[in-house]
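Worksheet for the structure shown next.
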Amino acid sequence: MPRPTAAQLAYGSCTVILSTLAMLLLSQTSSSLGIAVVALAALALGILVAMTVPLPKAHAAPAAAAARDTRTVEHVQAPAREWREPVSAGAETGQGRSTGSS
């Protein structure tokens, strides 16, 4: 399970506190059972708000990682192509280079 972000914690906490105060003031309850019901309802509302806060996009990270991998492979392969010696037309028939055994 992923850890909650700072935004989720802040929105959830503010929702619990403000909704508890609002429901207690509106209901004007003084019994313990009424206060417990209001507190549980506020907690449920706070959890709901915290879970619906937009999370950072997790789908962008794999796409960026794939793009970095592609660039890395191209970057690594590019010098290998540069190190190869060009093949001349005479080398294919054995006329372009001498082996030193004349």
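Numbering starts at 1 and runs along the sequence shown. Atoms considered below: every heavy atom in the structure, side chains included; atoms not considered: hydrogens, waters and symmetry mates.
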State which residues pass side-chain contact (heavy atoms from CB on, under 4.5 Å) with Ala7; sequence neighbours excluded, sorted by chain then number. Thr5, Tyr11, Val53

Would you mind listing the cluster partners of Leu24? Hydrophobic ones only (ILVMFWY), side-chain contacts under 4.5 Å, chaining allowed. Met23, Ile35, Val38

Show every donor-acceptor pair shorter than 3.5 Å between a side-chain atom in residues 39-51 and any protein atom, with sequence neighbours excluded, or say none if there are none.
none

Which heavy atom of Gln8 sits nearest a heavy atom of Arg3, and at what distance? OE1-O, 4.3 Å

